[in-house]
Amino acid sequence: MMTFPAIPDDAPFSGEQRAWLAGFMAGLNSRLVEAEATSAASVARPRLSILFGTQTGNAEQVAQEAAAAARAQGFDPEVMGLDDVDMPRLAAMERVIVATSTYGEGEMPDNAHLFWQALSAPDAPRLEAVGYAVLALGDSAYDGFCQAGKLIDTRLEQLGARRLASRLDCDVDYERACAGWIASTLPQFPRPKGAEAPLAPVAAASTAPARAEWSRRNPYPACLAVSRRLSGSESAKDIRHYEFDLTGSGLTYEAGDALGVMPLNDPVLVKALLARLGAAWEQPAPSGDRPLGEALLRHYEIRTPSRELIAAIEARAGDDQLTHVLRHGDREALDAWLWGRDVLDLVDLNPALSFDLAEFLGWLRPLQHRAYSISSSPLAHEGSVHLTIAAVRWQREGRQHGGVCSTHLADRLAEGGQAGIFMSPNKAFRPPTDPAVPMIMVGPGTGIAPFRGFLHHRKAQGAEGRNWLFFGDQHQASDFIYADELAEMSRDGVLTRLDLAFSRDQAEKIYVQTRMRENGRDLFAWLEEGAHVYICGDASRMAKDVEQALHDVIVVHGGLSAEAAADYVARLRREKRYQRDVY
């Protein structure tokens, strides 16, 4: 180890000078020792790349937890979004963990589109130097369960990468399974010679952002301060504005985040299901730790039938139509058959069927939180968080049905009541950090929610950036929610442009994508001036139609081919200038 020598006894210095120099050189020597120790530690700590693909932030949180565990195991982890990794950089990585969710019916999450496009391309590089493992998050209620993780896992192997641990496919209750997989997978990654054993553990607090006290497992009991109907009395919809009091909770959020709400099932549905099962509310649940009625009210999903329940009912009910669609493997036909049916509808297919309670409960999924885009800004709405939600209701075979959380909030939770909530950060959906950058926002119906938050955020900032909102619904007279706020923001200059599309106020239906094409010249000019584009709302149709309109505008007003327009949109994604919050 190199250090500076002591001052010779015969050096021509006074006592005071000698003391000062001795102290100075001791400080230098201390820094040298520290630097050499740091250098040795960095050599000994092998690099581990942890890549995440996320739609709602869960996979990113898992990636951060994997990084904390990796540091404690002597690795030097680097956490990155998948779209931030190009193929040359991937090929240079020796140790890779991929944690990715699946979006929709088996699609890549928004921040993994470009990565997958490059990875699946015919000219993707060979990856023989890469050792990897994949952790997939999904929801088995949807087709294509964990499909994004499965595709990435298979493609990495095809390109010559070495799978060091089996892929784990996690359902909605993923925390415990993920923690176990991380603990068993990290030792499978090779270490350089001399660094085979883990180094001294590093405190988890120094490796990842601290987790909030309140979480999905431990939601905060928030008071509902405001519940107000937004849609008019003549509207076919029941859209409501909610405000939860955060005072004293310690919960914080940013514009663009989501709020998780823990619902309760409809007691009317619970009682009807108990009657059909020949059971009573107060009788013990098979687990023995609570009454059966309370278990069904708080802990089991009885609105959306699970795959296990569907299969069990099909095997027992003797319903020819269900058997036909299930055994022919036609997912679209099965979805059409299931549409609007809940668990009670399925058990009622054959009134003669009886069930063992323990077996029946084993076919049900745990009741999950519902995540909603936050429609407020902490800068403008200190101490509270706002939501904009449409209550979902329908009739089927003479019985009223309803969305689990939307009707719990609208029909059964009065102002002053409590609901369990927690924050779900969405770092991939944020207003521009530069307040001068223009924003283009497309959010019909309740898709306006985060953009109300964005606009209040910019108003509180005093941001000078221009803001353009495309909004629409069925009828202007009854469905123009937040009309007064938007008018005030327009008068104040916060909302630079507002284009409206009310589809049923004229013979020919007009949608937000219609308005985008009509104003294509200006829209493309904003893009060329650096505007960020945001979409929020229905993923199945609206988001796809809006993206097609965006491509069309770029082709027509940018004078580009379809292929070049696709590259233009890909560049917007890469620059984080095209962001979506779709569901």
Side-chain angles (χ1 to χ4, degrees), residues 37-54 57-101 108-116 118-119 124-125 127-137 148-149 152-153 155-156 159 161-165 167-168 178-179 181-192 194-196 198-211 425-428 573-576:
T38 301
S39 176
S42 65
V43 170
R45 292 186 179 276
R47 174 61 61 90
L48 175 65
S49 300
I50 303 176
L51 316 180
F52 65 87
T54 189
N58 290 338
E60 182 176 6
Q61 180 63 49
V62 168
Q64 294 290 355
E65 290 170 358
R71 278 195 178 89
Q73 288 293 313
F75 289 96
D76 178 21
E78 181 181 23
V79 178
M80 292 171 284
L82 282 169
D83 274 358
D84 295 328
V85 180
D86 59 22
M87 291 302 101
R89 188 173 186 182
L90 177 65
M93 295 176 178
E94 296 182 40
R95 305 166 194 83
V96 176
I97 288 178
V98 176
T100 184
S101 63
M108 292 289 162
D110 273 7
N111 82 320
H113 277 287
L114 299 178
F115 175 85
W116 175 244
L119 188 70
L127 302 173
E128 277 87 357
V130 177
Y132 77 95
V134 174
L135 177 58
L137 305 184
I152 291 173
D153 184 28
R155 183 57 175 161
L156 288 172
L159 294 172
R162 293 167 290 109
R163 185 186 291 110
L164 300 178
R167 185 188 70 249
L168 177 67
C178 284
W181 183 88
I182 290 167
S184 63
T185 295
L186 287 173
Q188 308 306 315
F189 282 87
R191 302 169 184 270
E196 288 82 1
L199 301 182
V202 178
S206 67
T207 64
R211 298 195 66 169
N426 187 356
K427 297 177 184 177
R573 287 184 187 273
R574 195 173 298 111
E575 296 172 353
K576 315 299 185 193

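Small disclaimer: the values here were computed from a predicted structure and weren't measured.
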Pairwise side-chain contact, [X] with [Y], heavy-atom cut-off 4.5 Å (strictly under):
X	Y	result
Leu164	Arg162	yes
Leu186	Ile97	yes
Glu94	Phe189	no
Phe115	Leu90	yes
Gln188	Arg163	no
Arg95	Ser49	no
Met108	Asp83	no

Restricting to non-hydrogen atoms, name the atom on [X] and the atom on [Y] that form the minimum distance, rounded to 0.1 Å.
X	Y	value
Ala133	Thr185	CB-CG2, 3.8 Å
Ala59	Ala99	CB-O, 3.8 Å
Ala69	Ile182	CB-CG2, 3.8 Å
Ala67	Pro77	O-CG, 3.5 Å
Phe52	Asn111	O-ND2, 3.3 Å
Met93	Val85	CE-CG1, 3.9 Å

- Message: Hydrogens and angles aside, do Glu65 and Gln61 bring a side-chain donor and acceptor to less than 3.5 Å of each other?
- Response: yes
For the pair [X] (side chain) and [Y] (backbone), establish whether a donor and an acceptor sit closer than 3.5 Å, ignoring hydrogens and angles.
X	Y	answer
Arg167	Gly149	no
Asp76	Pro46	no
Tyr132	Ala165	no

- Task: Report the C-alpha separation of Asp86 and Arg574 in whole Å, then their side-chain angles, then the decisive distance to 0.1 Å, and conclude whether the salt bridge (charged side-chain N to carboxylate O under 4.0 Å, His left out) test is met.
- Result: CA-CA 11 Å; Asp86 59 22; Arg574 195 173 298 111; over 6 Å; no
- Item | Qualifying residue, where the test is side-chain contact (heavy atoms from CB on, under 4.5 Å) with Leu119 and the options are Leu82, Leu127, Leu114 | Leu127
- Let me know which of Thr100, Leu137, Thr54 forms a side-chain contact (heavy atoms from CB on, under 4.5 Å) with Pro109. Thr100
- Message: salt bridge (charged side-chain N to carboxylate O under 4.0 Å, His left out) for Arg45 and Glu78? Distances and angles first, verdict last.
- Response: CA-CA 12 Å; Arg45 292 186 179 276; Glu78 181 181 23; over 6 Å; no
- Task: Output, in order, the C-alpha distance, side-chain angles, deciding distance and verdict of side-chain contact (heavy atoms from CB on, under 4.5 Å) for Cys178 and Leu135.
- Result: CA-CA 8 Å; Cys178 284; Leu135 177 58; 3.8 Å; yes
- One should read off an interatomic distance between Glu60 CD and Leu51 CG, to the nearest 0.5 angstrom, of 12.5 Å
